[in-house]
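Numbers for residues simply follow the sequence, beginning at 1. The model shown is predicted, which means the values in this text are computed figures rather than measured ones.
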Amino acid sequence: MDCVFCELIREDTASWVARGPVACAFTPLDPLAPGHTLVVPTCHHPDVFVTPSAVLAEVMTLVQRVAEASRAVLNASGVNVLSASGPGSEQSVPHLHFHVVPRWMNDGISTWPAGRSIHRVVGEPGALLADALASGRGHTS
């Protein structure tokens with residue numbers, strides 16, 4: 001498997017922030033801000049759709065710990081937690097990952113989408129999602 005994150009984990013070549021049996025965190029080569037960290041499952045899971053719930057919970061716990069550390073030691077006033085999953089999302093690496101980007105007031109970056117999707121669905125999206133979740137169709141693991 002040619003996965004850059006799996007290679008970093010296997011070869012121990014990342015700049016580690018945290019490393020555990022289920023989740024790990026490292027700094028990217030081209031950070032968006034000081035302290036920008038990638039949090040990933042230690043084992044390969046391509047996206048949020050196929051990652052087991054227990055693994056996702058461990059990854060999100062590490063996301064929260066990195067966010068809290070960003071506030072405590074970098075004096076960040078907030079963080080952006082960014083992720084993309086699946087072919088329509090512009091996912092850059094097919095290994096589930098979350099960017100934890102420390103933010104400060106007037107730091108010169110914006111991470112909120114500048115536009116709105118032109119895609120339309122039949123029906124009210126919120127109600128469709130609520131129905132799917134209530135019937136169990138929104139649960140795969």
Side-chain angles (χ1 to χ4, degrees), residues 1-121 123-141:
M1 168 187 344
D2 283 345
C3 173
V4 65
F5 292 166
C6 288
E7 184 177 322
L8 289 171
I9 293 164
R10 182 177 58 253
E11 297 180 5
D12 197 22
T13 54
S15 179
W16 298 108
V17 172
R19 190 153 189 204
V22 178
C24 56
F26 54 91
T27 58
L29 293 176
D30 190 20
L32 296 173
H36 177 181
T37 302
L38 292 169
V39 179
V40 307
T42 301
C43 293
H44 187 79
H45 297 285
D47 56 37
V48 71
F49 301 107
V50 297
T51 302
S53 296
V55 172
L56 187 56
E58 292 268 348
V59 171
M60 291 310 296
T61 295
L62 185 52
V63 164
Q64 185 179 41
R65 289 182 56 220
V66 170
E68 290 169 344
S70 296
R71 188 167 52 185
V73 300
L74 302 176
N75 295 316
S77 57
V79 297
N80 288 123
V81 177
L82 309 168
S83 184
S85 281
S89 70
E90 301 180 20
Q91 183 178 6
S92 59
V93 176
H95 187 123
L96 179 67
H97 59 286
F98 294 88
H99 296 261
V100 181
V101 183
R103 298 296 305 275
W104 297 267
M105 297 300 294
N106 303 311
D107 62 8
I109 63 174
S110 175
T111 53
W112 200 255
R116 302 215 183 270
S117 176
I118 60 170
H119 184 80
R120 298 292 175 248
V121 297
E124 201 284 306
L128 293 170
L129 291 171
D131 288 346
L133 293 173
S135 70
R137 290 190 320 252
H139 187 62
T140 58
S141 57

Residues in side chain to side chain contact (heavy atoms under 4.5 Å, CB included) contact with Val93, at least two apart in sequence or another chain: Val4, Phe5, His95, His97
Once you round to the nearest 0.5 Å, how far does NE2 of His99 lie from OG1 of Thr111? 11.5 Å
What's the shortest heavy-atom distance between Ile109 and Leu32, and which atoms? CD1-O, 4.3 Å
Just by distance, do the side chain of Glu58 and the backbone of Pro21 share a donor-acceptor pair under 3.5 Å? no
If every non-hydrogen atom of Ala132 is compared with every non-hydrogen atom of Ser135, which pair is closest and at what distance? O-OG, 3.1 Å
Which atom of Ala76 lies closest to which atom of Trp104, heavy atoms considered: CA-NE1, 3.1 Å
Residues in side chain to side chain contact (heavy atoms under 4.5 Å, CB included) with Arg19, at least two apart? Ile9, Asp12, Trp16, Cys24
Euclidean distance, Phe98 CZ relative to Leu38 CG, rounded to 0.5 Å: 11.5 Å
How about Val59 and His45: do any of their side-chain heavy atoms sit closer than 4.5 Å? no
Which residues pass the salt bridge (Lys or Arg N to Asp or Glu O under 4.0 Å) test with Asp131, not counting sequence neighbours? none
Do you know which two heavy atoms are closest between Asp107 and Pro102, and how far apart they sit? OD2-O, 4.4 Å
Is there a donor-acceptor contact under 3.5 Å from the side chain of Thr42 to the main chain of Gly20? yes
How long is the gap from NE2 on His36 to CG on Asn80, to the nearest 0.5 Å? 10.0 Å
Leu96 to Val48 - nearest heavy-atom pair and separation: CD1-N, 3.6 Å
Crowding at CD, Glu124 (>12 non-hydrogen neighbours, <6.0 Å): yes
Report the residues that fulfil side chain to side chain contact (heavy atoms under 4.5 Å, CB included) with Ala69, sequence neighbours left out, ordered by chain and then residue number. none
Do you know which two heavy atoms are closest between Pro125 and Gly123, and how far apart they sit? CD-O, 3.4 Å
Partner set under side chain to side chain contact (heavy atoms under 4.5 Å, CB included) for Ala25, not counting sequence neighbours: Val17, Ala18, Thr37, Val39, Leu62, Val66
Return each pair, listed once, that meets side-chain hydrogen bond (donor to acceptor under 3.5 Å, both in side chains) where at least one residue sits in residues 64-76; pairs must be two or more places apart or across chains. none
